[in-house]
Enquirer: 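Take this structure first; my questions come after.
When a ligand or atom number is given, it counts from 1 through the structure's own listing order.
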Amino acid sequence: MASTPSNVNLISDTQTRPTAAMRRAIAEAEVGDEQKLADPTTLRLQERVADLLGHEAALFLPSGTMCNLIAFRLHLRPGGDEVILAANSHPVGFEAGSPAAVNGAMTRQLDAPDGIFSGAEVEAAVRAPGDRYAPRSRLVSVEQTTNLGGGRVWPLAAVREVLETARGHGLRTHLDGARLMNAVVASGDEAAAWAAGFDTAWLDFSKGLGAPAGAVLAGSAALIEEAWRYKQMLGGALRQSGILAAAALHALDHHVERLAEDHSHARILADGLAELGGVSIDPGAVETNIVLFEVADAPALAALVAEHGIEVGALGPHRMRAVTHLDVSRRDIDTALEAFHAAVPC
Ligand SMILES: *Cc1c(COP(=O)(O)O)cnc(C)c1O
């Protein structure tokens, strides 16, 4: 495509590029052999995230997808185990079938359009113990914030209710915190409050936090020791990973509070879109940096605004998703809204 004067990338918060300051932190990183536990920067990041999430230990991994895969491997055994999670959650739709392929597990998918489910829904989904006909309920997985649910923030009380129900049935629990820091900033509740009570929890550095790659999985010392085994098995053990860990540490120091800007930009975008007759949107549902809306023809509208340099995702025939992040300014939001105004008949 011909280059356009404006380029506003609202496809995903994975699209962030390392800032100049982050690149300096990367350049200055002290490094060693990560597999030998000799990369000081990676060790520092792991300790920092374990503290942040209030868990005993943590493990640096190349991606959030690998955090989910390994955590599920820790909790599920081939032989009919089942994980309870939202139907629109990341492991169901975007991890190449790994719950089945790697863990031999069934997924019990809860219909939760905003990605949030209740203790009662978990209760109803749990299989009767000792039922030899049914899969064996083993794990509950919660996504915070909810990606395809529209960046919604689980209320803390809802998380606790689900944890309590899971515990009552002896189930393991996992927190997919790809955008946990967005929830922290939006709610004012600390990361450790959100991660408390989960057997495993992780956060991603390559989303709104703006690092090039990397995620950290936290849990008990015993679970993280076992996680190392799978990290090695999958080829996820690294060498001078301090290069990446330095970017993540820089992000924790400099890119957390600023997520509030992304949230405010998303809200402004949502309010502007709501003024268009051809757009169906509930701006009140925009709590963080993800804006979901419906139009008559999503692929056609995405193509139209792309002519104005606005990149936005068509998730289906009607549904569109715009995500704000580090590389989207207040001015970019106005530019995007102008393009939508031009493209959508009022
Ligand atoms: C992006 C994402 C992941 C996967 O993280 P990657 O670092 O891209 O592998 C997992 N869960 C959710 C909710 C996500 O949004």
Side-chain angles (χ1 to χ4, degrees), residues 9-18 45 49 53 58-73 83 85-99 102-103 107 109-110 112-117 139-154 159 173-184 186 191 194-195 198 200-218 227 230-231 234-236 238 241 244-245 247-248 251 255 259 262 266 287-292 313 315 321-326:
N9 188 332
L10 298 166
I11 294 284
S12 173
D13 47 8
T14 57
Q15 306 278 312
T16 51
R17 309 272 168 87
L45 174 67
V49 174
L53 299 185
L59 180 61
F60 182 76
L61 290 167
S63 70
T65 299
M66 201 184 281
C67 288
N68 277 340
L69 188 158
I70 289 179
F72 278 25
R73 190 69 195 85
V83 50
L85 74 186
N88 60 7
S89 63
H90 202 275
V92 171
F94 300 100
E95 299 184 9
S98 82
V102 178
N103 298 312
T107 55
Q109 301 177 22
L110 304 181
D114 62 0
I116 297 171
F117 46 85
L139 172 67
V140 178
S141 182
V142 163
E143 193 172 291
Q144 177 77 303
T145 65
T146 67
N147 180 348
L148 288 194
R152 301 302 294 264
V153 180
W154 277 70
V159 169
T173 51
H174 173 68
L175 178 65
D176 173 341
R179 296 185 180 81
L180 183 61
M181 299 318 283
N182 292 84
V184 166
W194 292 112
F198 284 95
T200 45
W202 63 272
L203 54 98
D204 211 331
F205 289 97
S206 70
K207 300 275 165 84
L209 292 178
V216 175
L217 175 70
Y230 293 111
K231 173 172 170 168
L234 294 167
L238 302 169
S241 57
L244 293 170
H255 292 174
L259 291 171
D262 299 343
E287 296 179 281
T288 59
N289 67 328
I290 298 177
V291 182
L292 292 183
L315 299 186
R321 188 183 77 158
V323 185
T324 56
H325 53 77
L326 192 57

Enquirer: I'd like the name of whichever of Met66, Arg179, Lys207 reaches closest to atom 2 (C) of ligand 1 through any heavy atom.
Expert: Lys207

Enquirer: Got a second to check how far Asn9's CG is from Thr324's OG1, nearest 0.5 Å?
Expert: 11.5 Å

Enquirer: Ser206 heavy atoms, cut-off 4.0 Å: which ligand 1 atoms fall inside?
Expert: 7 (O)

Enquirer: Tell me if a side-chain donor or acceptor on Arg321 pairs with a main-chain N or O of Ile11 at a distance below 3.5 Å.
Expert: yes

Enquirer: If you have a sec, work out which protein heavy atom is nearest atom 11 (N) of ligand 1 and how many Å separate them, to one decimal?
Expert: Asp176 OD2, 2.6 Å

Enquirer: Can any side-chain N or O of Ser63 pair as donor or acceptor with the backbone N or O of Met66 at less than 3.5 Å?
Expert: yes

Enquirer: Are the side chains of Thr288 and Arg179 in touch, meaning some heavy atoms are under 4.5 Å apart?
Expert: no

Enquirer: Strictly distance-based, threshold 3.5 Å: is any side-chain N or O of Glu287 a donor or acceptor partner for the main-chain N or O of Val153?
Expert: yes

Enquirer: Only heavy atoms of Ala178, strictly under 4.0 Å: list the atoms of ligand 1 that pass.
Expert: 2 (C), 11 (N), 12 (C), 13 (C), 14 (C), 15 (O)

Enquirer: Give yes if a backbone or side-chain nitrogen or oxygen of Thr145 is under 3.5 Å from a nitrogen or oxygen of ligand 1, and no if not.
Expert: no

Enquirer: Applying a heavy-atom cut-off of 4.0 Å, say which part of Thr146 lies close to ligand 1: side chain, backbone, both or neither.
Expert: neither

Enquirer: What atoms of ligand 1 come closer than 4.0 angstrom to any heavy atom of Glu143?
Expert: 13 (C)

Enquirer: Taking the side chain as everything from C-beta on, heavy atoms only, tell me whether Phe117 gets closer than 4.5 Å to Val142.
Expert: yes

Enquirer: Do Trp202 and ligand 1 have an N or O pair less than 3.5 Å apart?
Expert: no

Enquirer: What are the atoms of ligand 1, with element, lying closer than 4.0 Å to any heavy atom of Asp204?
Expert: 5 (O), 6 (P), 7 (O)

Enquirer: Suppose I only count heavy atoms of Thr65 and a 4.0 Å limit; which atoms of ligand 1 are within that range?
Expert: 4 (C), 5 (O), 6 (P), 9 (O)

Enquirer: Answer yes or no: is there a side-chain heavy-atom contact under 4.5 Å between Phe72 and Leu139?
Expert: yes

Enquirer: Can you check whether Leu209's main-chain N or O pairs, donor with acceptor, with His255's side chain at less than 3.5 Å?
Expert: yes

Enquirer: Compute the shortest N/O to N/O distance between Glu95 and ligand 1 and return yes if it is under 3.5 Å, no if not.
Expert: no

